[in-house]
Each structure stands twice: as structure tokens, then as C-alpha cells.
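Accompanying notes for the structure given below.
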Amino acid sequence: MMARTYYKLKTIWLMLMLAVGPTIALAQHTAEITVNLAKEKAPMTPVWAWFGYDEPNYTYMKDGKKLLTELAALSPTPVYVRTHSLLVTGDGIAALKWGSTNAYTEDAKGNPVYDWHLIDSIFDTYVNRGIKPLAQIGFMPQALSTHPDPYRHHWKPGDPYDDIMTGWAYPPKDYNKWRELIYQWVKHSVARYGQKEVESWYWEVWNEPNYYWKGTQKEFFKLYDYAADGLKKALPTAKIGGLDIAGTSGKGAQQFLNAFIKHCIADTNYATGQIGSPLELITFHAKGQPRLIKGMVQMNAAPQLTDIATGFRIVASYPETRNLPVIIGESDPEGCAACGMATNPSNAYRNGTMYSSYTAATFARKYELGDQYGTNFAGAVSWSFEFENQPWFYGFRDLATNGVDKPVLNVFRMFGKMRGSRVEATSNRMYSLKAVMDSSVSGELTDIGVLASKDKKSAAVMVWNYHDDDKAGPAEPVALSINGIPSATVVLTHYRIDNEHSNSYEVWKKMGSPQNPTSAQIAELEKAGGLQTLGKPQKRKTQKNTLLVNFSLPRQGVSLIQISW
């Protein structure tokens with residue numbers, strides 16, 4: 001009798017545990033987030049408001065102009081844009097990883113012929129929208145190249161990447177002509193846009209000289225010296241730097257970056273014969289490394305953050321560079337924007353919310369690294385723009401497809417609402433910076449992290465639910481406490497990116513993935529591509545200067561809680 005009673009009670013107990021167990025487990029994993037608006041950390045510098053792309057001629061094309069107009073509207077301060085191939089010889093017709101302006105040719109006697117109309121079309125598009133160029137001095141015009149043929153490449157996704165390395169990547173046959181080209185370009189820019197405008201730009205020489213350069217390291221330093229000398233003769237107050245090294249954490253890249261800094265500080269200048277070369281900004285690159293695991297995309301932010309930490313550490317190690325603006329010239333989940341998911345299936349993260357949640361999670365850590373190394377962290381260029389007249393949602397690393405914004409662009413719209421100062425914010429579900437740098441976000445739990453800001457009359461809290469593995473998972477509860485609010489009432493607006501909000505890709509798939517959508521479908525996609533809210537703004541009362549906000553956040557989703565008073 002006692003045994004039967006025992007087993008009956010045990011059965012009831014097990015049934016109760018099964019009923020409440022998931023709730024208990026869920027409670028244990030609830031993201032408890034605390035934001036303290038009274039504890040300011042540092043300025044909310046818009047380091048995210050920097051973008052770049054390979055194909056300069058997309059700038060003034062239909063969808064390029066549309067996207068640049070949207071990018072200019074993101075930020076309360078000017079957006080900066082960087083693009084390759086501004087001095088490349090050609091007909092101005094864009095192709096993947098190719099662009100040209102025909103700025104420099106020579107006549108039959110070898111005299112320079114300058115033609116600025118395509119460069120003007122590019123820079124006019126920027127300046128007319130209030131965008132600032134991070135103007136790249138490169139690549140080598142055909143008439144100046146020591147190896148002019150072959151020059152125009154015809155690379156396409158799936159081809160060997162080295163096929164792009166043609167005559168534009170070689171040193172100049174005449175460094176004086178190279179210097180004069182830069183002098184004439186900058187002189188023309190000042191005449192067209194005014195000295196004050198051009199002084200607000202940044203200039204840099206070349207791109208990834210440890211890869212996109214067919215000369216020696218010393219020849220690159222010579223290229224830099226002559227370019228800087230030409231620029232400074234045209235506009236002494238112009239700001240120039242470099243060197244946009246690739247794979248910054250690699251041994252060879254570190255050697256190159258250190259040698260470049262030492263050259264600019266203490267070596268004899270090849271162009272002037274004096275000691276040192278102008279250096280007013282430092283640039284380097286940082287890339288992640290996704291891979292395909294049994295058909296599943298698995299991201300890896302650790303290499304990207306390690307590149308950034310290495311670059312910051314090197315810059316901070318020299319008294320002469322410690323306070324210079326640092327710009328991560330390309331900062332992305334991987335390396336090839338023009339490699340779509342058809343040929344590179346590990347890039348399948350790009351269309352949906354995985355790209356947006358990764359972006360939120362990594363930019364928060366970039367701020368942390370800037371704080372840790374005490375650098376003058378000015379910007380991180382997302383090498384992601386648009387590809388004109390390409391298939392819909394082909395899986396390029398882009399912000400929009402055929403004029404329709406993708407989910408990742410809405411993260412930058414969220415960032416644009418974060419102003420003033422960064423404030424103290426903690427989450428019991430946020431991976432530590434060290435953990436992400438060691439092994440990215442690969443543990444059992446997702447990274448439910450937070451970044452918060454405060455302005456005079458508003459505050460914003462970004463929360464993401466990110467994991468490296470691209471697989472489904474349940475929405476998770478978030479308990480957000482915002483403390484130190486200087487008002488008894490606030491207006492709360494909740495912006496969201498997930499499968500149901502701010503997501504043109506999911507809407508496109510529900511349409512049947514049309515490659516020739518109708519006008520009505522395009523209008524629907526454009527609407528779905530905008531930043532959307534969860535419901536309408538709410539007027540809320542605070543309790544003892546605190547506001548509690550509870551919500552659930554889907555895996556790979558991003559929320560922005562904005563309050564104003």
C-alpha cells in the first residue's frame with residue numbers, strides 16, 4: 001500500500017515537473033538587462049556611419065543614387081564613403097569588382113591628359129547628399145603602369161580570385177607623373193567643391209598593399225610619399241593616411257603596418273628627401289570567417305575582432321600615432337562582397353536577419369575594443385553597398401537589392417537613432433569580449449547583448465539575439481530595466497528586425513521568390529525593407545526614475561527600444 005502511494009505521488013511529482021520544467025529552464029535563461037542612463041561612458045561616436053564598395057561607377061547609377069540618399073539620411077553627422085578604382089583607366093562601365101574613370105591617359109607624345117568628368121559624377125553624388133569621401137588614391141592608370149597589359153579583367157563569381165590582378169596593380173613607370181596626377185586631382189577638387197569641403201575629407205593611398213600591389217614594400221612607401229607630396233602641394237591642410245592592410249592580425253600584415261608607421265615617422269621621404277611622411281589617419285582591415293558545416297552556415301567573428309584588436313594595439317604603441325583617427329577601412333563578416341551564395345554557399349547569411357544580428361553584436365564589441373586600447377576610433381567601413389542590375393537576393397554582401405533594402409540596412413537605421421553618449425549597460429546573457437574573441441558565439445546559449453545611449457531628451461537601447469549557427473531557435477524573454485530616467489513619463493517606441501518586421505527577404509520568399517516582380521510587388525518589398533515598429537509608440541510612466549520593459553526576442557532578431565521625454 002505504501003509502495004503504491006509512493007509511486008502515485010512520484011508520478012504526480014514528475015507530471016508537475018514536466019509541466020513547469022520548461023518554464024523553470026526558461027526563467028533561468030531570461031536575459032536580464034540593466035541600463036543606467038546616469039553613468040555615461042564615452043561619446044556615441046557614429047563609427048558605423050562608414051560604407052564602401054569595389055565598383056565606383058555604381059555611385060551615380062539609379063539604385064546607387066537611391067541607396068546613397070538613404071545612407072545620408074541615417075546619421076545626424078555626415079556619412080563617409082570609400083570606393084576603389086577611382087584612377088583606373090576604362091570606359092566607365094561597371095562590372096563586378098571593376099570600375100574606371102579614365103582620369104589619366106597620355107597623348108602620342110606621352111603628355112598627361114586629365115579627364116575628371118567621371119570622378120566628378122561620383123563625388124558630385126556624394127557632396128550633393130552631404131556625404132564625405134574617404135577618397136582612395138588608386139589604382140594605377142594604364143598609361144602609368146609598369147605592366148600595362150593585360151589591364152581590364154573580366155572576373156565573375158566562381159573564377160579564381162587572382163584573375164583580378166592585372167595592370168592596375170603595378171607601380172608607376174614615372175613617380176613624378178604619379179605625383180602630378182594627384183596634385184591635379186586635388187587641385188581640381190578644391191576648385192570644384194571649395195577648400196573647406198575638401199578639408200573635411202580623408203585621403204588614403206591604395207588598398208591592401210600586402211595583396212593588391214605588385215611592387216615591393218619599399219616601392220609602396222615611395223608610391224605613398226609621392227602621392228602625399230602631390231596632395232599637400234595642392235592642399236596643405238588635406239588629411240592623408242593609410243595603409244588599409246589586409247588580415248591585420250597576420251604576422252606579415254603586422255610587419256607591414258609597423259614598417260609603414262616607422263617610415264612615416266623616421267625614414268627619408270622618397271619624394272622630398274626630408275625625414276618622415278604625412279600621416280594624419282591610420283587605416284587597416286578586419287574580416288570574419290564564416291563556413292559551411294553540413295549544410296549550415298556558421299559565422300565566426302573572432303578573426304574580425306582579433307584583426308581590430310591588433311590594429312588598435314599597434315596604433316596605440318607609437319606616441320606619434322596614438323591619437324590619430326583610426327578607421328577600419330573594411331570591417332565585415334568575410335572578404336568578398338561580390339561572391340554570391342550560389343558560388344560561395346557560406347555567404348548565405350547575407351539576405352536575412354543573421355547579417356543584421358551579427359552586425360549589431362560585432363559593432364558593440366568594436367566600441368569595447370576602442371575603449372580598451374584608448375584609440376581615437378573614428379570609423380569602421382562596412383564594405384557593403386549594392387550591385388546594379390543583378391538577380392534579386394542573389395546573396396551578395398549588399399545593403400539593398402534592385403533598390404529594395406535588406407534587413408541589415410535597418411541595423412544602421414537603428415544605430416542612427418543612438419546619439420549623445422554611450423551609457424552603462426549590462427546583460428546576463430551577453431558573451432564577454434574575451435569569449436567572443438576566443439571562440440565567437442558558439443556556446444549553447446545565444447548572445448543576447450546590449451548597447452545603450454543617452455541624449456538630452458532621449459535614450460536608445462539596442463538588444464540583439466545572436467548566434468554563429470544559422471539554425472532555428474525559440475524567441476527568448478528579455479527583462480529590460482532602464483534606470484536614471486530624468487522624467488516621470490516617457491514615450492516608448494520599439495523598433496524590430498526579425499522574420500516578420502523590417503525584412504524584405506521574407507516577404508520576397510512568400511511571393512514565390514520572383515526574379516521579375518511586378519510594380520505592386522516591388523512597392524510591397526520597398527515597404528517591407530523599411531525599419532518597422534512593434535505596435536505604436538506608447539506613453540509610459542516611470543517608477544523612481546526607472547522603466548521596466550519586457551519582451552521576447554527571436555533568434556537573430558534585433559530590437560531598439562527608444563524613449564523620449
Side-chain angles (χ1 to χ4, degrees), residues 49-74 78-103 115-136 138-139 152-157 164 168 189 192-193 201 207 330 336-340 350-351 381-406 408-409 412 504 508 514-517 519 521-523 525-526 529-530:
W50 299 68
F51 302 92
Y53 45 102
D54 292 89
E55 302 85 2
N57 306 101
Y58 287 161
T59 303
Y60 49 77
M61 296 175 72
K62 176 176 65 70
D63 292 338
K65 284 185 173 181
K66 179 180 180 181
L67 181 54
L68 286 166
T69 299
E70 294 179 333
L71 294 182
L74 291 177
V79 167
Y80 281 82
V81 171
R82 174 178 185 253
T83 188
H84 293 334
S85 302
L86 288 171
L87 296 177
V88 168
T89 304
D91 55 13
I93 298 175
L96 296 180
K97 298 195 72 66
W98 175 261
S100 58
T101 66
N102 223 42
D115 182 351
W116 307 116
H117 82 278
L118 285 178
I119 284 184
D120 288 347
S121 295
I122 293 165
F123 281 36
D124 285 356
T125 305
Y126 298 153
V127 173
N128 290 343
R129 288 161 175 76
I131 290 172
K132 305 292 184 182
L134 172 51
Q136 186 185 114
F139 296 112
R152 167 74 162 92
H153 72 70
H154 297 277
W155 179 90
K156 63 182 183 300
I164 70 172
W168 56 265
S189 298
R192 187 173 184 85
Y193 304 109
W201 303 355
N207 176 67
E330 296 179 22
C336 179
C339 299
R350 294 167 165 183
N351 287 330
V381 177
S382 294
W383 202 255
S384 187
F385 187 56
E386 66 96 21
F387 292 85
E388 206 88 16
N389 301 319
Q390 296 293 328
W392 286 81
F393 294 100
Y394 184 74
F396 292 120
R397 194 174 68 236
D398 49 11
L399 304 172
T401 176
N402 291 279
V404 168
D405 299 338
K406 294 167 68 171
V408 66
L409 182 54
F412 295 105
S504 60
W508 180 74
Q515 280 300 329
N516 294 290
S519 297
Q521 287 176 319
I522 292 173
L525 291 170
E526 288 179 329

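Considering only residues two or more places apart in sequence or on other chains, N102 meets the side chain to side chain contact (heavy atoms under 4.5 Å, CB included) condition with T89, T105. In this structure F393 satisfies the ring pair (Phe, Tyr, Trp, His ring centres under 6.0 Å) test together with Y505, W508, sequence neighbours excluded.
Taking 4.5 Å as the limit, some side-chain heavy atom of T125 sits within range of a side-chain heavy atom of K65. A heavy-atom distance below 4.5 Å is not found between the side chains of M61 and E55.
Ring geometry for F385 versus Y53: interplanar angle under 30°, hence parallel rather than tilted (30 to 60°). Using bins of under 30°, 30° to 60° and over 60° for the plane-to-plane angle, the ring pair W168/F139 lands in the tilted bin.
Centroid-to-centroid, the aromatic rings of F387 and Y394 stay 6.0 Å apart or farther.
Side chain of R397 to main chain of S384: no donor-acceptor pair is present (N/O by atom type, distance under 3.5 Å, no hydrogens or angles). N402 contributes no side-chain N or O that, together with a main-chain N or O of V404, makes up a donor-acceptor pair within less than 3.5 Å.
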Worksheet item: Checking ring pair (Phe, Tyr, Trp, His ring centres under 6.0 Å) for the pair Y126/W201: CA distance, chi angles, key distance, verdict?
Response: CA-CA 11 Å; Y126 298 153; W201 303 355; 8.7 Å; no

Would you tabulate the side-chain donor-acceptor contacts of residues 93-100 under 3.5 Å, counting partners in other chains and residues two or more places apart, or write 'none'?
residue : atom : partner : partner atom : Å
K97     : NZ   : D54     : OD2          : 3.1
K97     : NZ   : Y161    : OH           : 2.8
S100    : OG   : D91     : N            : 3.4
S100    : OG   : G92     : N            : 2.9

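In this structure, T69 OG1 and R129 CZ are separated by 3.5 Å, a value rounded to the nearest 0.5 Å.
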